[in-house]
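First up is the structure itself, then whatever we jot down about it.
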Protein chains: 2
Amino acid sequence: MNEAPDQGAEIHVCAVEETIEIIGGKWKCQILHTLQDGTKRFGDLRREIPDVTQRILTRKLRELEDHGVVHRKVYAEVPPRTEYSLTPLGQSLGPVLDALENWAIKSRLSATKAQQ
Amino acid sequence: MNEAPDQGAEIHVCAVEETIEIIGGKWKCQILHTLQDGTKRFGDLRREIPDVTQRILTRKLRELEDHGVVHRKVYAEVPPRTEYSLTPLGQSLGPVLDALENWAIKSRLSATKAQQ
DNA sequence: CTGAATCCAATGCGATACTG
DNA sequence: CAGTATCGCATTGGATTCAG
């Protein structure tokens with residue numbers, strides 16, 4: 001719809017929402033987790049995250065790239081080759097993702113206790 | 001539709017997504033932040049988060065309650081009174097939200113530097 | 001091999017009006 | 001005061017097909 005040219009700057013009431021917009025959405029945290037192992041080609045990611053379609057994987061990678069957490073390097077070759085890796089900013093997400101994961105585990109325990 | 005009786009347990013590939021499902025979504029982090037001050041009535045929340053409609057605020061509070069991070073206490077009075085507060089689990093979200101917020105701030109700085 | 005184009009279904013958010 | 005009911009729009013995720 002030819003929206004306004006706000007260079008990726010969405011309106012967020014609190015900073016927390018900005019981070020969630022970047023790492024939220026289906027597949028995003030899986031992609032990030034996979035890339036924490038190191039640089040991967042597009043086909044590698046497809047193999048390691050088998051349930052995502054090409055289209056969606058491409059789109060999610062593009063979103064992560066637009067937000068500066070993933071770097072995309074295209075080699076002008078035939079057949080084409082593209083390598084994805086975390087930027088320094090993307091690597092700095094590690095502790096944040098760990099915090100979210102650890103809280104989820106704690107949350108599960110609380111839910112279990114509540115059912116007893 | 002009569003889907004399977006999975007008691008609110010969504011299918012998530014990684015734990016991170018579970019946490020994001022709980023605190024993600026519009027207004028959620030604002031509501032949590034407001035409740036960190038202490039117990040609030042429904043009308044208090046409406047006043048402190050003026051841009052959310054009644055309907056949405058009710059729904060978001062219900063979601064937070066269903067996930068065990070917010071407690072809802074209804075007083076059988078006329079006029080009705082309902083008090084919302086954080087559960088212990090909800091209070092334990094504090095550091096997680098802080099991590100998300102701090103990363104957002106760091107992310108902004110990176111973006112600024114990249115434009116220069 | 002990587003990725004774009006088209007089309008579609010499900011969900012999320014919200015405006016508005018009504019109720020005990 | 002604290003909700004619920006109805007309705008509509010926008011966004012998201014996905015299936016499928018085509019292309020360099």
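The shown structure was predicted, so the numbers you read here are calculated from the model rather than taken from an experiment. Lettering of chains follows the sequences in order, A, B, ..., and the numbering in each one begins at 1.
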For C:dG3 and A:Tyr84 - does any side-chain N or O of the residue sit under 4.0 Å from the phosphate oxygens OP1/OP2?
yes
Base, sugar-phosphate, or nothing: which does A:Arg46 touch, judged by heavy atoms less than 4.0 Å apart?
nothing
Please walk me through it: do A:Trp103 and B:Leu89 pass side chain to side chain contact (heavy atoms under 4.5 Å, CB included)?
CA-CA 9 Å; A:Trp103 189 88; B:Leu89 183 63; 3.7 Å; yes
Any ion pair linking A:Asp44 and A:Arg41 (charged N to carboxylate O, less than 4.0 Å)?
no
Determine whether the side chains of B:His71 and B:Glu65 contain a donor N or O and an acceptor N or O closer than 3.5 Å.
no
If I take atom CD in residue A:Glu21 and atom P in nucleotide C:dC13, what distance separates them, rounded to the nearest angstrom?
13 Å
Separation of C:dG3 C1' from A:Glu65 CD (nearest whole Å)
13 Å
Given C:dC1, D:dG3, D:dC1, which nucleotide is nearest the side-chain atoms of B:Pro79?
D:dC1
Rounded to the nearest angstrom, tell me the gap between atom CZ in B:Arg81 and atom C1' in D:dG3.
16 Å
Side chain to side chain, A:Arg108 and A:Ile105, heavy atoms closer than 4.5 Å
yes
To the nearest angstrom, how far is B:Leu57 atom CG from D:dG3 atom P?
9 Å
Nearest-Å distance, CZ (B:Phe42) to C1' (C:dT19)?
14 Å
Value in whole Å for how far the P atom of C:dC13 lies from CD1 of A:Ile20
12 Å
Any donor and acceptor pair, going by atom type alone, linking the side chain of A:Lys60 with main-chain N or O of A:Ile31 inside 3.5 Å?
no
Along nucleotides 13-20 of chain D, 5' to 3', which nucleotides get a B, which get an S, and which get a -, given that the test is a protein heavy-atom distance under 4.0 Å?
BBBB---B
Is any side-chain N of the basic residue among B:Lys26 and A:Glu17 closer than 4.0 Å to the acidic one's carboxylate O?
no
Side-chain N or O of B:Thr58 less than 4.0 angstrom from OP1 or OP2 on D:dA2?
no
Rounded distance (Å) that lies between atom C1' of C:dT2 and atom CD of A:Glu83
13 Å
Between A:His12 (NE2) and C:dC13 (C1'), how many Å, whole number?
15 Å
Inspect the contact between A:Glu48 and A:Lys40 and indicate whether a charged nitrogen and a carboxylate oxygen are less than 4.0 angstrom apart.
yes
